[in-house]
Amino acid sequence: MTKLSVNINKVATLRNARGGNNPDVIEAARNIESFGGQGITVHPRPDERHIRYQDVRDLRPIITTEFNIEGNPIDSFVKLVLEVVPTQVTLVPDGHDQITSNHGWDTLENRNFLTDICHTFSQAGIRTSIFVDADPKMVEGAKACGADRVELYTEPYASGYNSNREAAIAPFVAAAEEARRIGLGLNAGHDLSLENLHYFHSRIPWTDEVSIGHALICDALYMGLKPTVEKYLIALK
Ligand SMILES: CC(=O)[C@@H](O)[C@H](O)COP(=O)(O)O
Ligand SMILES: NCC(=O)COP(=O)(O)O
């Protein structure tokens, strides 16, 4: 069964716009779980443009499903994750000034660094996932780093979906088959939406978890959070 982990970064974006606590990320997380969401994902960036480090601390005790913290493993991020001990940590190679994530790790070039980081988190009992492009070599490299899972960066699939979905999904099926072959867990995320999620899942049903934020929160502005979460869960049937 593929779990839906809802990324609530954009709830925090809206909250920070006015400087108060509305919308409340804690209430959003509680609601998402009550509506059937099987995980909460956050990506605390160094500039705290949306999710703040204190949000991560505040969310930990109230999350009853899976808690996935994504980020570039700079010292402050590593310290926060070890303090909070989430279900999973997802290592993302974002630069400080990136508007959003736009590529995965080179797991061959960064093998020693990623191996050390994965070991540190594994020793703390945290599942590790490495964010990679849909490339079987990068998947294999993540396994060599000792990661439990990879997360496939799915923006290229999403952007190619409308013009040729068969072509868009092909590299992801190849990368996902490599993960399955070598016994690596499989996550996916970035720009997945109600439009493209069902097809992705129909072609790669062994995906363990999809983490979805931007499109889902935008959909919720039109349809409401409960119906939106329910629609995303149906797309994973
Ligand atoms: C790794 C990934 O794809 C998500 O964390 C995405 O980067 C969301 O980050 P923003 O919400 O800051 O765009
Ligand atoms: N790992 C992907 C994620 O958490 C959310 O990405 P997006 O749906 O906001 O593009």
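Quick note: residue numbers are just sequence positions, from 1. Whatever order the structure lists ligands and atoms in, that order sets their numbers, starting from 1. Since the structure is predicted, the reported quantities are computational estimates derived from the model, not experimental observations.
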Quiz item: Short N/O distance, under 3.5 Å, between E151 and ligand 1?
Solution: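 Such a contact does not occur with ligand 1.
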
Practice problem: Kindly confirm or rule out an N or O of D94 lying under 3.5 angstrom from an N or O of ligand 1. | Solution: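 So ligand 1 has no N or O lying under 3.5 Å from an N or O of D94.
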
Practice problem: Heavy-atom distances under 4.0 Å are what count here, so tell me which part of R49 touches ligand 1: side chain, backbone, both or neither. | Solution: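 Looking at R49 and ligand 1, no heavy atom falls under 4.0 Å.
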
Self-check item: F131, portion touching ligand 1 at heavy-atom distance under 4.0 Å
Solution: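 Only the side chain of F131 comes within reach of ligand 1.
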
Exercise. Look at the aromatic rings of Y199 and Y157 and report parallel, tilted or perpendicular, splitting at 30° and 60°.
Key: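 Y199 and Y157: parallel rings.
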
Quiz item: Can you hop from L233 to Y222 via hydrophobic side chains spaced under 4.5 Å?
Solution: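 They do share one cluster, since a chain of ILVMFWY contacts under 4.5 Å joins L233 to Y222.
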
Practice problem: Heavy-atom contacts with H50 under 4.0 Å: which atoms of ligand 1 show up? List them by number with element. | Solution: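 Contacts of ligand 1 toward H50, numbered from 1: 10 (P), 11 (O), 12 (O).
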
Quiz item: With atoms numbered from 1 as shown, which atoms in ligand 1 lie under 4.0 angstrom from a non-hydrogen atom of K10?
Solution: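 Listed by number with element, the hits are 10 (P), 11 (O), 13 (O).
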
Tell me yes or no: between the side chains of [X] and [Y], is some donor less than 3.5 Å from an acceptor?
X    : Y    : answer
S101 : D94  : yes
S129 : E151 : no
N31  : S34  : no
T90  : N68  : yes
N7   : S211 : no
R52  : N16  : yes
E209 : Q88  : yes
T2   : T207 : no

Quiz item: Looking at G141 and L108, what are the two nearest heavy atoms and their distance?
Solution: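 Between these two residues, the closest heavy atoms are CA-CD2, 3.9 Å.
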
What is the nearest protein non-hydrogen atom to [atom], stated with its residue, atom name and distance?
atom                    : result
atom 7 (O) of ligand 1  : S101 OG, 2.4 Å
atom 5 (O) of ligand 1  : E70 OE1, 2.4 Å
atom 3 (O) of ligand 1  : H190 ND1, 2.7 Å
atom 13 (O) of ligand 1 : T100 OG1, 2.5 Å
atom 8 (C) of ligand 1  : N9 ND2, 3.6 Å

Exercise. Kindly indicate whether the side chain of E195, heavy atoms from C-beta on, has any atom under 4.5 Å from the side chain of N162.
Key: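 Yes, side chains in contact.
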
Self-check item: 4.5 Å side-chain heavy-atom contact, T41 and V6
Solution: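 Heavy-atom side-chain distance check fails, nothing below 4.5 Å.
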
Practice problem: Output the set of protein residues with a heavy-atom contact under 4.0 Å to ligand 2, ordered first by chain identifier and then by residue number. | Solution: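 The answer is N7, T41, E70, E151, G189, H190, D191, S211, I212, G213, H214, counting any residue whose heavy atom sits under 4.0 Å from ligand 2.
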
Would [X] count as a contact residue for ligand 1, given that I'm defining contact as a non-hydrogen atom of the residue lying under 4.0 Å from a ligand atom?
X    : answer
H214 : no
R45  : yes
E155 : no

